[in-house]
Engineer: 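Below is the structure I would like to discuss, written out as structure tokens.
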Amino acid sequence: MSTPAPDTASGNASGPDLLYSELEEDLRASVRSMLADRSPHNAVLARCETDEPYDPAVWKALAADLGCAGLAVPEKLGGAGASWREAAVVAEEVGRAVTPVPFLTGSVIATAALLAAPASASADRADSADGAGAESVAALLADLAAGHATAVLAVPFSSCPTPAGSGSGAGFPETVRVDADGHLTGTVTSVADASIADVLLVPAMAASGPAFFAVGARAAGVTRDAVISLDLTRRLSDITFASAPARRLADADGAVQALARGLTVGAALLASEQLGVAQACLDMSVAYLKTRSQFGRLIGSYQALKHRAADLWAAIAQARAVARYAAVCVAQDDPDTPVAVALAQAYCSTVAVRAAEECVQFHGGIGFTWEHPAHLYLKRAKSASLALGTAAQHRAALGRLVNLPPAN
Amino acid sequence: MSTPAPDTASGNASGPDLLYSELEEDLRASVRSMLADRSPHNAVLARCETDEPYDPAVWKALAADLGCAGLAVPEKLGGAGASWREAAVVAEEVGRAVTPVPFLTGSVIATAALLAAPASASADRADSADGAGAESVAALLADLAAGHATAVLAVPFSSCPTPAGSGSGAGFPETVRVDADGHLTGTVTSVADASIADVLLVPAMAASGPAFFAVGARAAGVTRDAVISLDLTRRLSDITFASAPARRLADADGAVQALARGLTVGAALLASEQLGVAQACLDMSVAYLKTRSQFGRLIGSYQALKHRAADLWAAIAQARAVARYAAVCVAQDDPDTPVAVALAQAYCSTVAVRAAEECVQFHGGIGFTWEHPAHLYLKRAKSASLALGTAAQHRAALGRLVNLPPAN
Amino acid sequence: MLNERIKALLDGHPPASTPRLEFLRARFDSGLAWVHFPAGLGGLDAPREQQRIVDEALAAAGAPDNDPHRIGIGLGMAAPTILAHGTDEQRRRFLRPLWTGEEVWCQLFSEPGAGSDLAGLATKAVRENPGDEASDWIVTGQKVWTSMAHEARWAILIARTDPNVPKHKGLTYFVCDMTGPGVEVRPLRQITGEAEFNEVFLTAARIPDAHRLGPVGAGWAVAQTTLMNERVAIGGGAQPREGGVIGVVARAWRERPELRTAAAHDTLLDLWTQAEAARLTATRLRQQLAAGGPGPEGSAAKLAFARLNQEISGFELDLLGEQGLRYDDWSTGSWASERPTTVDFAGRGAGYRYLRAKGNSIEGGTSEILRNIIAERVLGLPPEIRVDKDVPWKDLAQ
Amino acid sequence: MLNERIKALLDGHPPASTPRLEFLRARFDSGLAWVHFPAGLGGLDAPREQQRIVDEALAAAGAPDNDPHRIGIGLGMAAPTILAHGTDEQRRRFLRPLWTGEEVWCQLFSEPGAGSDLAGLATKAVRENPGDEASDWIVTGQKVWTSMAHEARWAILIARTDPNVPKHKGLTYFVCDMTGPGVEVRPLRQITGEAEFNEVFLTAARIPDAHRLGPVGAGWAVAQTTLMNERVAIGGGAQPREGGVIGVVARAWRERPELRTAAAHDTLLDLWTQAEAARLTATRLRQQLAAGGPGPEGSAAKLAFARLNQEISGFELDLLGEQGLRYDDWSTGSWASERPTTVDFAGRGAGYRYLRAKGNSIEGGTSEILRNIIAERVLGLPPEIRVDKDVPWKDLAQ
């Protein structure tokens with residue numbers, strides 16, 4: 001055991017395709033234009049001062065009109081039949097605009113979890129072993145892909161896709177239990193975007209072991225309590241289930257797999273969102289450095305600021321390569337996916353926070369005000385760095401994956 | 001156990017005196033002037049290209065003529081009766097000039113070890129329990145203080161004063177054993193300045209436990225093999241004892257105490273040496289930034305360089321406070337000494353390396369040449385950061401000392 | 001002699017039975033307010049170090065203090081400036097109620113277009129009757145980042161009185177009545193949701209010439225006194241070991257073993273090391289200052305403080321993980337726009353500490369400006385190339 | 001078509017029985033040296049990507065290569081410059097023996113007084129017969145940081161041909177015969193003890209006008225081709241995962257459990273993460289370059305490479321502890337002045353790696369210059385204030 005995990009997706013000479021395709025650039029342009037038009041910073045900020053930061057019209061435009069909700073869902077299941085690569089570009093743009101929409105939580109994490117549920121694979125097969133579950137999953141995926149409904153995975157947003165423990169089912173949440181009558185009872189804290197979800201996908205512990213359920217967010221026995229979130233544009237809720245009715249979607253390994261895949265794809269695409277956040281912070285900073293004068297000179301002519309901007313640009317260029325690689329790996333279900341995702345989270349979390357912190361500092365006093373959008377990015381970046389595992393947790397995961405074990 | 005160790009030396013309102021006294025400034029001026037005169041960079045470099053980097057005349061001038069060898073030795077024992085505070089100022093100057101002299105190893109570490117040997121305390125008492133040992137220690141101290149002889153502690157230069165293990169005697173070296181006839185056999189690697197020592201102070205393991213010996217460096221059965229050291233100005237040797245005759249200076253707790261005190265005072269004053277190295281690197285850099293032009297401007301007018309120089313200055317100002325505090329603590333035998341020393345090594349190691357690395361970079365190509373003294377400082381700084389425990393080892397020690405325990 | 005005065009004050013005005021303000025006024029009048037100030041102005045021309053003796057004795061006797069946090073700008077910035085540059089009349093008028101806290105002060109320096117480049121400010125003051133050397137001044141402009149403006153009676157103000165000379169030369173320093181007409185204070189909300197600071201709009205606000213501090217055109221020199229004292233105040237406070245934000249994190253580590261990880265341990269100890277190094281450096285700086293006045297070394301302390309506060313508070317959120325995603329345990333339970341009158345960088349929740357620390361490298365001189373000061377004034381490196389030094393202010397790109 | 005050519009080359013010159021040089025010449029002549037070069041100059045005007053096919057096929061057939069590490073300056077810098085700016089005659093004369101390695105090249109650009117400010121160089125070239133446009137040039141000056149000068153037959157050289165115009169405008173680019181009179185090469189010892197580089201003293205060295213590359217006064221423009229290719233060459237090499245210095249450290253970690261500490265573990269993984277990020281970035285950069293030419297993005301790769309090499313090699317010494325105090329496992333057993341002809345940043349001992357890495361942020365463009373390039377050319381930030389742009393070179397402070 002003295003060799004690292006080989007990088008399979010880059011095993012061939014030319015390497016994985018880390019560039020953006022023309023299709024991806026077109027998709028980016030559509031999303032960017034729509035968000036610039038419908039969700040400018042002042043609108044985001046104004047909404048954040050209310051109890052309802054989410055604009056349903058923007059979400060409909062993104063999810064349904066532009067078809068972003070179902071990008072990675074096969075056409076047979078009602079989606080666009082593209083892949084997580086394309087979805088990653090959308091995540092970048094959502095990050096770039098700090099738009100409060102449940103794209104990452106709904107169209108990525110929840111959707112990936114459903115796609116990984118064994119019933120999903122059997123939904124278009126005649127010999128479905130689990131007709132009811134399959135039907136539920138297929139119907140739900142179709143609804144999500146069309147933007148008719150929004151689902152989120154009911155786990156703390158801080159959950160790491162590669163838990164420190166080992167073995168199948170290690171780290172499977174146990175705060176929600178399946179009652180004898182199949183209803184759910186328990187609590188889940190800090191669930192992102194739950195306040196606007198129609199459906200909650202709940203990993204719960206049954207007597208027989210891990211299981212995976214769909215619960216109506218407005219069903220009897222379900223309470224969602226708003227949390228004051230650090231990130232103004234992605235709100236958290238604490239959810240309490242008190243004998244809530246639930247549809248069982250998967251069991252045992254199927255449930256473990258659905259949860260793991262949801263978090264893994266989520267972590268991979270969160271890296272792209274972080275890339276978008278970082279790029280927006282750099283762009284905003286560079287624009288300010290080119291227009292703000294002090295001492296009779298544009299402040300962008302001061303070398304200390306120039307060099308920090310250059311270092312940031314170089315770091316973001318690296319984050320882009322890393323985020324693309326993670327997206328390619330989850331799109332191809334590459335065996336190097338665990339390494340790619342841990343790498344992407346370990347790297348992009350840090351770059352996004354640094355970019356947002358520098359953005360505030362580059363702007364001086366104005367960057368410290370509520371009216372300037374810099375703080376929206378700072379709060380998003382810092383929260384995102386804690387979401388789906390911290391950089392340190394992902395580094396620890398890398399240590400296990402590439403055979404660089406801890407001391408002792 | 002939820003409180004940190006209080007900082008006793010700074011427990012009073014005005015705090016420990018971290019400034020330099022007039023006496024100390026006078027001492028500094030004498031040492032600096034002598035070293036500038038007798039040991040300029042080109043002389044140091046020229047000697048380093050030979051097999052004998054040490055200039056006995058410089059060492060005599062420092063140790064005997066200026067009386068630096070016996071600064072912290074009580075007058076009764078033949079010393080100057082000052083304290084480790086004053087010796088720390090000499091260490092600064094030795095670092096500042098990267099002079100190859102056995103001041104740290106001989107006049108600090110070995111001397112502190114001898115002063116801590118129980119026999120030393122009893123040497124001026126009539127009821128000495130250990131007449132022979134006491135006599136040996138007193139005679140040796142008098143020789144060292146007068147600059148008539150040089151002794152070094154025969155331990156790897158990387159030895160950390162606060163070993164990770166706990167309990168008296170934990171970490172006491174076992175590579176040298178006491179034979180039945182009281183002679184020593186074994187090896188010690190990477191001993192600093194051993195090549196010019198007259199006497200080796202050897203912690204060795206006897207059947208009865210830890211013991212502490214003096215061995216003539218040129219005695220039968222003693223072999224010193226030169227090592228190619230990273231630091232050109234402080235050479236290492238591997239020492240082999242093959243039934244070498246030895247005088248026993250201390251036993252059991254006394255031996256443990258002598259070793260620990262030698263390393264502790266050494267680590268405290270190494271911080272001052274590192275401060276001197278860092279200050280020299282900054283001074284050299286600032287001078288260069290003020291004279292070198294590129295693009296028709298002094299390079300010191302480029303803000304990126306200015307800001308890095310400013311940050312370095314600020315870090316060195318902090319290193320000075322920290323190094324002074326460690327010197328004060330060992331001088332007063334303050335209960336906060338372990339914290340002060342670990343802090344000083346954790347902080348000053350890093351600052352000296354950073355200063356030396358920046359010095360090379362500030363100088364550009366010329367700083368990468370053998371002819372320029374920058375590399376002497378780089379090698380000294382990096383080696384010193386590994387000496388007497390790495391910064392990480394000292395941080396770990398701090399964790400134990402101030403009740404910030406590791407995970408698990 | 002000092003002890004006698006203290007005894008006399010306490011005997012004449014027993015703290016237990018003397019109204020607070022009456023005691024504070026009596027303390028000022030007996031020269032025990034700030035002993036290093038001149039006699040008659042709350043002091044005794046005594047060495048600054050003796051203040052500690054007074055403070056401790058009075059505190060021990062249960063005497064009220066002047067709530068120094070609330071009137072920090074007056075004590076730390078306005079008072080030394082008035083003492084150094086004010087007329088006798090100004091000193092007599094302003095220092096006593098400033099020290100007792102009867103009159104709160106604020107600072108009208110920064111402007112939206114003049115942050116780091118303070119001397120580039122655009123607020124203008126013109127004589128009501130040009131040519132009349134005793135005429136009132138009429139002031140118009142916008143100031144920003146003004147703490148306590150909404151509670152203040154007086155402001156120290158810099159305004160441009162001559163746009164036809166290079167920018168540093170056309171400034172004059174005033175005392176501005178914050179309660180007068182033409183002075184409008186609006187809260188300035190910051191990234192924590194609160195409004196610690198204000199914007200102040202001056203619209204033909206009137207200042208009598210008697211409230212001018214120093215000569216016309218000497219505003220920049222007068223302001224240096226204020227700014228030097230500000231930086232010392234920000235960087236130099238005495239702290240016990242583990243004072244400040246590092247103490248909060250260290251306590252969390254000790255009390256909540258479930259937060260500990262191997263990776264975080266070394267980072268925590270590195271931050272602890274840096275915090276303790278900064279604390280010892282501040283101790284040493286105070287020992288140096290006891291001899292001389294404030295110098296550029298204070299800039300290094302503020303620089304280190306800002307960086308450390310930011311690093312530690314960022315680390316704290318990482319350590320807290322899920323809890324870090326949740327903003328605050330704040331009593332109002334929202335991102336409400338509060339108006340705190342004091343700020344505690346180590347107070348409230350981890351999210352607040354993280355956000356508030358971002359201001360530490362901006363307020364009171366950005367870290368970039370402080371690095372310039374160290375590089376140029378301490379290390380003597382060449383100054384930035386200046387394109388605005390010899391140009392009349394009105395001809396500069398604004 | 002490509003495969004047929006390869007087959008024809010191998011059939012006509014079976015590697016096993018053909019002398020090395022003969023094979024290399026034949027390969028050049030059949031257009032398989034660098035396929036993207038023009039036909040007749042070792043290429044086929046084919047897309048650059050096809051080179052890989054040739055290289056793999058020839059390697060598989062056991063054909064000798066041209067030892068590209070040894071002739072890196074010729075291949076990476078001289079060749080693209082000669083191709084872009086040389087006359088047909090120059091291309092025909094120089095490119096074939098350059099590629100086969102018969103003639104080694106070096107670069108005479110930097111001077112003691114002109115490092116980052118290359119255009120400020122002082123080495124002068126004057127016509128032997130002023131006014132005669134075909135006259136030889138006489139070159140005098142000192143160059144520095146010249147690798148391979150002691151083995152080189154030819155050098156690419158920039159010299160000042162007109163001191164009376166601003167500095168960028170008075171330069172001309174030449175090919176200099178390193179074996180001619182007036183060219184003296186002295187080893188330049190560096191902090192590792194070795195002398196990888198040289199100083200070159202030019203004392204009335206003669207260069208025929210036919211060895212001028214590009215027009216008189218166009219030296220700066222010609223040099224840009226060289227420099228762009230240099231930075232791409234330094235930053236952009238393809239590496240497997242854990243290639244380079246990180247691999248050395250990772251292997252030490254795996255194979256020597258006694259070195260592991262909790263504190264070092266997270267640092268190691270952070271460095272591993274950064275190294276892998278840099279590697280993927282280089283992969284992406286190569287994919288971008290496959291479409292276009294070298295751009296300023298290559299500067300970012302070199303910047304990252306230098307920083308990482310320095311961080312990792314510093315960490316390695318920390319990890320080794322006592323062993324890090326001992327310099328090398330070097331065969332010569334001393335700080336001897338060797339003259340290596342290739343450099344392996346990941347080679348030799350940890351102490352060597354640490355010291356050698358210090359050069360990475362200096363050689364081939366300092367990290368400071370690279371940051372300027374990124375800030376100005378990529379981000380479009382305002383340029384440094386220049387005081388030397390429009391001044392005749394002779395009037396600048398030297």
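Chain identifiers are assigned alphabetically (A, B, ...) following the order of the sequence lines, protein sequences preceding nucleic acid strands; residue numbering begins at 1 within each chain. These figures come from a predicted structure and were not determined experimentally.
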Engineer: Would C:K389 and A:F295 count as a side-chain contact (heavy atoms from CB on, under 4.5 Å) here? Give the steps.
Structural biologist: CA-CA 9 Å; C:K389 276 272 192 191; A:F295 305 102; over 6 Å; no
Engineer: What part of A:T390 lies closer than 4.5 angstrom to a heavy atom of chain C: side chain, backbone, both or neither?
Structural biologist: side chain
Engineer: Which atom names give the shortest non-hydrogen contact between C:L355 and A:L230, and what distance separates them?
Structural biologist: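 Taking C:L355 first and A:L230 second, the nearest heavy atoms are CD1-CD1, 4.2 Å.
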Engineer: Does any part of the side chain of C:Y354, heavy atoms only, come nearer than 4.5 Å to the side chain of A:E357, both counted from C-beta?
Structural biologist: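 Side chain of A:E357 against side chain of C:Y354, heavy atoms only: contact under 4.5 Å found.
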Engineer: Are there over 12 heavy-atom neighbours, none belonging to C:K124, within less than 6.0 Å of that residue's NZ?
Structural biologist: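 Counting other residues, nucleotides and ligands, NZ of C:K124 stays at 12 neighbours or fewer.
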Engineer: Please classify the contact of A:T189 with chain C as side chain, backbone, both or neither, using a heavy-atom distance under 4.5 Å.
Structural biologist: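 Both parts, backbone and side chain.
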Engineer: Closer than 3.5 angstrom, by distance alone: can the side chain of A:R297 be matched with the main-chain N or O of C:D388 as a donor-acceptor pair?
Structural biologist: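 Checking the backbone N and O of C:D388 against the side chain of A:R297, no donor-acceptor pair under 3.5 Å is found.
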Engineer: Any idea which of C:G324, C:A264, C:A263 has the most non-hydrogen atom pairs under 4.5 angstrom with chain A?
Structural biologist: C:G324
Engineer: side-chain contact (heavy atoms from CB on, under 4.5 Å) for A:L236 and C:R326? Distances and angles first, verdict last.
Structural biologist: CA-CA 8 Å; A:L236 307 178; C:R326 304 164 75 107; 4.2 Å; yes
Engineer: Side chains of A:T369 and C:W145, heavy atoms from C-beta outward: is any pair under 4.5 Å?
Structural biologist: yes
Engineer: Can you tell me if A:S190 and C:E322 form a side-chain donor-acceptor pair at under 3.5 Å?
Structural biologist: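 Their side chains do contain a donor-acceptor pair, which is all the 3.5 Å distance test asks for.
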Engineer: Taking it one step at a time, do C:Y327 and A:V227 satisfy side-chain contact (heavy atoms from CB on, under 4.5 Å)?
Structural biologist: CA-CA 8 Å; C:Y327 182 55; A:V227 168; over 6 Å; no
Engineer: Could you look at A:L376 and say if it's the side chain, the backbone, both or neither that has a heavy atom under 4.5 Å from chain C?
Structural biologist: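 Answer is neither: A:L376 stays 4.5 Å or more from chain C.
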Engineer: To the nearest 0.5 Å, what is the distance between NE2 (A:H372) and CD (C:Q190)?
Structural biologist: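 The distance works out to 15.5 Å.
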Engineer: Would you say C:N164 has more than 12 foreign heavy atoms packed within less than 6.0 Å of its CG?
Structural biologist: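 Yes, because the 6.0 Å sphere around CG of C:N164 holds more than 12 heavy atoms from other groups.
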Engineer: Given a strict heavy-atom distance threshold of 4.5 Å, which part of A:D238 is in contact with chain C: side chain, backbone, both, or neither?
Structural biologist: side chain
Engineer: Report yes if some heavy atom in the side chain of A:W370 is under 4.5 Å from a heavy atom in the side chain of C:T192; otherwise report no.
Structural biologist: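 A:W370 does not reach C:T192 side chain to side chain.
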Engineer: Give, as side chain, backbone, both or neither, the part of C:L325 having an atom under 4.5 angstrom from any heavy atom of chain A.
Structural biologist: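 Both backbone and side chain of C:L325 come within 4.5 Å of chain A.
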Engineer: What pairs with C:D162 under salt bridge (charged side-chain N to carboxylate O under 4.0 Å, His left out), at least two apart in sequence or on another chain?
Structural biologist: none
Engineer: Work out which heavy atom in C:R371 is nearest to a heavy atom in A:R308; give both atom names and the distance.
Structural biologist: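 That would be NH1-NH1, 4.2 Å.
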Engineer: Hey, what do you get for CD1 (C:I191) to NZ (A:K379), rounding to the nearest 0.5 Å?
Structural biologist: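 Taking CD1 in C:I191 and NZ in A:K379, the distance rounds to 6.0 Å.
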Engineer: Of the listed residues (C:S367, C:G359, C:S110, C:A119), which shares the most heavy-atom pairs with chain A below a 4.5 Å separation?
Structural biologist: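 Option with the top pair count is C:G359.
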Engineer: Test side-chain contact (heavy atoms from CB on, under 4.5 Å) on C:E368 and A:Q294; report intermediate values, then the result.
Structural biologist: CA-CA 12 Å; C:E368 288 76 19; A:Q294 290 283 274; over 6 Å; no
Engineer: Is it the backbone or the side chain of C:K167 that comes under 4.5 Å from a heavy atom of chain A, or both, or neither?
Structural biologist: side chain
Engineer: Looking at C:G314, is its backbone amide N or carbonyl O close enough to the side chain of A:K382 to form a donor-acceptor pair, meaning the two atoms are under 3.5 Å apart?
Structural biologist: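 It does hold such a pair.
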Engineer: Where on A:R234 is there a heavy atom nearer than 4.5 Å to chain C: the side chain, the backbone, both, or neither?
Structural biologist: neither
Engineer: Would you mind checking which part of C:R386 comes under 4.5 Å of any heavy atom in chain A, side chain (CB onward), backbone (N, CA, C, O), both or neither?
Structural biologist: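 C:R386 touches chain A through side-chain heavy atoms alone.
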Engineer: So, A:Q361 side chain and C:S361 main chain: donor-acceptor pair closer than 3.5 Å or not?
Structural biologist: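 Present.
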Engineer: Could you report the tightest heavy-atom contact between A:F368 and C:R356, atom names first, then the distance?
Structural biologist: CZ-NH1, 3.8 Å
Engineer: Indicate the atoms forming the closest heavy-atom contact of C:K358 with A:L378, along with that distance.
Structural biologist: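 That would be CG-CD2, 3.9 Å.
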Engineer: Can you see which heavy atom on A:S385 is nearest to which on C:D318, and at what distance?
Structural biologist: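 That would be OG-OD1, 4.3 Å.
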Engineer: Using 0.5 Å steps for rounding, measure from the OG atom of A:S158 to the CG atom of C:L320.
Structural biologist: 11.0 Å
Engineer: Please rank A:Q393, A:Q303, A:H375, A:E371 by heavy-atom pairs under 4.5 Å with chain C and give me the top one.
Structural biologist: A:H375
Engineer: Any pair with a residue in residues 361-387 of chain C that passes ring pair (Phe, Tyr, Trp, His ring centres under 6.0 Å), sequence neighbours left out, goes on the list, sorted by first then second residue, please.
Structural biologist: none
Engineer: Identify which part of A:E49 has an atom lying under 4.5 Å from any heavy atom of chain C, answering side chain, backbone, both or neither.
Structural biologist: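 It is the side chain, since no backbone atom gets that close.
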Engineer: So what's closer than 4.5 Å to chain A heavy atoms on C:A114: side chain, backbone, both or neither?
Structural biologist: backbone
